[in-house]
Every structure is written in structure tokens, then in C-alpha cells.
Number of protein chains: 2
Amino acid sequence: MDTRTALLDSAELASRTRGYDGFSYADLSRDVGIRKASIHHHFPKKADLAEAVLARYSDAVLTRLADIAKASSTAADAFKAYLTLYREALDDGRMLCLCVAFGAGRDSLPTAAQNQLTAFHADSIAWLTRQFECAARDKSVSLSGSPRDEAAACLALMEGAQLVARASGSAAPFDQATAAFGARLAPTVQ
Amino acid sequence: MDTRTALLDSAELASRTRGYDGFSYADLSRDVGIRKASIHHHFPKKADLAEAVLARYSDAVLTRLADIAKASSTAADAFKAYLTLYREALDDGRMLCLCVAFGAGRDSLPTAAQNQLTAFHADSIAWLTRQFECAARDKSVSLSGSPRDEAAACLALMEGAQLVARASGSAAPFDQATAAFGARLAPTVQ
DNA sequence: GTCTATAGTTTGATAGAC
DNA sequence: GTCTATCAAACTATAGAC
């Protein structure tokens, strides 16, 4: 694997368990197997690394969401895939998704990363809003508020469910927290 | 104000904006107005400080929850007070509650603090479960799942709503995310 | 209880050889 | 692109005077 990618992987994993301030170039060095100084060739400052990790994450997730929207015949199907995305990122309570991890220590992030994080959240909510608008049309999910409010609630539920699960060190609380939402997505029994 | 309390206040505020790894004894020193070395008289190790901050927070919140339960005539009233608690801790998108902030960087917390955090979440879910059980009896809120699942969902929603709000730097997304839950608490129009 | 002084380590970062 | 060597600054923590 190319070194730059290995460094991004290591930094992302570390961020998702210990936060941005919780890992150092020394950690990456041990993990990837090159010297600290060599890391600066790929990412001159730690702020560059934060930007790159977040950019890669944001692109990957947003691309995935676009694919999900395209592949889903109903809004309910899209939400099911969305739920799975967050459920799997949790890794049985060992990890958080990057947006939760970076969101918590927000004020210690470099400014560029703070803006990327804000943009990612806005894009996520926009995608969810479109799905809830679609749900209002295809009736695959019943709305209990405006598509915009539902979108904010859905994102909050996913991020919060990860935190609650992690506090217990297992995936069970994530499943409990999202059970009601999951039930809304099940095909209605006539 | 006594120095120990001032230190705890400073450490809690710093944790809620930058995380446990995001502040140092030098920050507290500037903030409180005593020298770094003097802080060690009150909290010999930073781990002691983490424990103390989390213990004070946990006691305060749990006491408040007990008071809320006692003062509320219906489950809906208790949930309204609970919602306000999280909404106010947000400080218009500038801060998170301590359990969210510490939950994110969990793996870099001292072991004792990790256990305190797990216990606090368990206590919170237990309290919420009791309220939803109460709601099933007094019919002030309609249940869409077991009290236990509802409790996990409610806690996740509060914590997630704080994260989503903070990413945008305003309280608005918190209100959007919790609007549907708030609507469930409103007295039913006959 | 607070101070000065300082130890020992780790941090992010740079210069220059290969 | 990776290395050795090194830096200045920041970190947690301790000793001992007042």
C-alpha cells in the first residue's frame, strides 16, 4: 500500500478512537513503520493531515450517499442503507465515525478542518432532507415533521447512537436507539 | 470562589470545547490565575482532575434528574425539563455536555474516568427508562417501542443534537432535531 | 496553599545526507 | 521518499522554600 494512504488510514483510526489531539506523529510512525520526520514529507503540518483525512472521509461518505440514493427504489431503502453505514462504522462500540470524533473536539481543530466539518454536516442534512422529501411522495416512510426537521433528527440520532454505544463498549445500545427508526422503515403490514 | 472549584470549572469548560487532550495545566493556570505547580496541590495528576470533573458533573446531573422526577406530575413534564437541560448545556452551539465531549475521546481518558462515563450513561438510561415506563402508565407520551429502547433513543437524540448544533455553531439544528420529540410531549388537543 | 525552579518526556517541525 | 540528527516549545510532574 502507498505510504500516504497508510498514514491517512492510521490518522483516521486514531482520530476515531482518541480524537485529533489524542494522537501524534510518533504514533503514526510506529503504526506505519516510517520515521517521524518522513511523515512531514507527506503532510508538512499536522493541520495538513487533518484536512486530508477529513476531505477523504467526506468525499467517500458523500459519494456513498449518492450511490445509495441512486440504487434505492424507495426512500425507506435509502434510509436502511444509511442506517447500516453508521452501524458498521461503529465497529461494535470500539469506534466513532470521523464527524462525531472531530465534532466533539471541534475547537482544537485547525480552522480549515472546522469549515470542512461544517460543510460535511450541511451536505449530510441536505441529502437526508431530499430523502425525507422523497418519502413524503413515495409514502415509504411516514413523516412526523418537516423533511428538514426529520433530517436533523435522523443525523442526530445516528451520531448520538454511536456515542451511547461506545460508552457501553458494545453495539447493543446503537440498535436499541435506532430500533424505532428502523421500524418506521419496515414495509407496512396491510 | 475557592481555588479547587475554579480549577474544576476551568477544566470542565475546556473539556467541553476542546476535549480532555485539548487543554493543559498551563491553560488552567492562565485561566484561574495561579501557577502550574500549584494546580498539582489540588490535583496531583491530570487523571485525578478528570475523575473529579466527571464525578462532580455526574453527581450534579443525577441529582438534577432526581429533582425533575420528583417535581414532575407527568412523564411529559419530566421529559420537557430533560430536554431543557441539554438545550441549555449547548450554550447556543458553543459547547457540548461533558458526557458527549468525554465520550468522543474515550480511549485517551484515564481508566477510572472511562468507567465513570460508562456508569453515568447507564444511570441516565435507567432514569429515562423509568420515565418512559411512567409515560406508559400516565399516557402523557405515546410509546413507539419498549421503554428501554425509547430511553436509548432519547439519550442518543440529545447527545447527537448537541453535536449537530455545534457543527453549525448555532442552536437551531438542536431545535430542529428535537422538534418531533418535543411535539410528542405537548398536551394532546382533544 | 502558592511560589520558584527544574526534571524528564513528548510534541510538531526543520536541515541536510543518502 | 526515507533517513539521522536536532530543535524549540510544550507537556505532566516533583522538590523544596516561604
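Letters A, B, ... mirror the listed sequences (proteins, then strands); counts begin at 1.
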> Phosphate oxygens OP1/OP2 of D:dT2: is one of them under 4.0 Å from a side-chain N or O of A:T3?
Replying inline: yes
>> Is it the case that atom CZ in A:R184 sees more than 12 heavy atoms from other parts of the structure closer than 6.0 Å?
In response: yes
>> Are B:T84 and B:F79 packed together at the side-chain level, in the sense that at least one heavy-atom pair is separated by less than 4.5 angstrom?
In response: no
> Judged by atom type as modelled, is there a donor-acceptor pair below 3.5 Å linking the side chain of B:R87 to the main-chain atoms of B:F174?
Replying inline: no
> Hey, can you pull the residues of residues 23-38 of chain A with a non-hydrogen atom under 4.0 angstrom from DNA chain D?
Replying inline: A:I34, A:R35, A:A37, A:S38
> Residues from residues 42-53 of chain B sitting under 4.0 Å of DNA chain C, heavy atoms only?
Replying inline: B:H42
> Over how many whole Å does the gap from B:I39 atom CD1 to D:dC11 atom P extend?
Replying inline: 11 Å
> Okay, side chain of A:S24, backbone of A:A26: is any donor-acceptor separation there less than 3.5 Å?
Replying inline: yes
>> With a 4.0 Å cutoff (strictly under), does any side-chain N or O of B:H41 reach OP1 or OP2 of C:dG1?
In response: yes
> For A:G103 and B:L96, which heavy atoms make the closest approach, and how far apart are they?
Replying inline: O-CD1, 4.2 Å
> Given the side-chain rings of B:F43 and B:Y25, with only the six-membered ring counted for Trp, is the space between their centroids under 6.0 Å?
Replying inline: no
> Same cluster or not: are A:L157 and B:L90 linked, directly or through other Ile, Leu, Val, Met, Phe, Trp or Tyr residues, by side-chain heavy atoms under 4.5 angstrom apart?
Replying inline: no
> So, are A:D91 and A:R94 salt-bridged, with charged N and O less than 4.0 Å apart?
Replying inline: yes
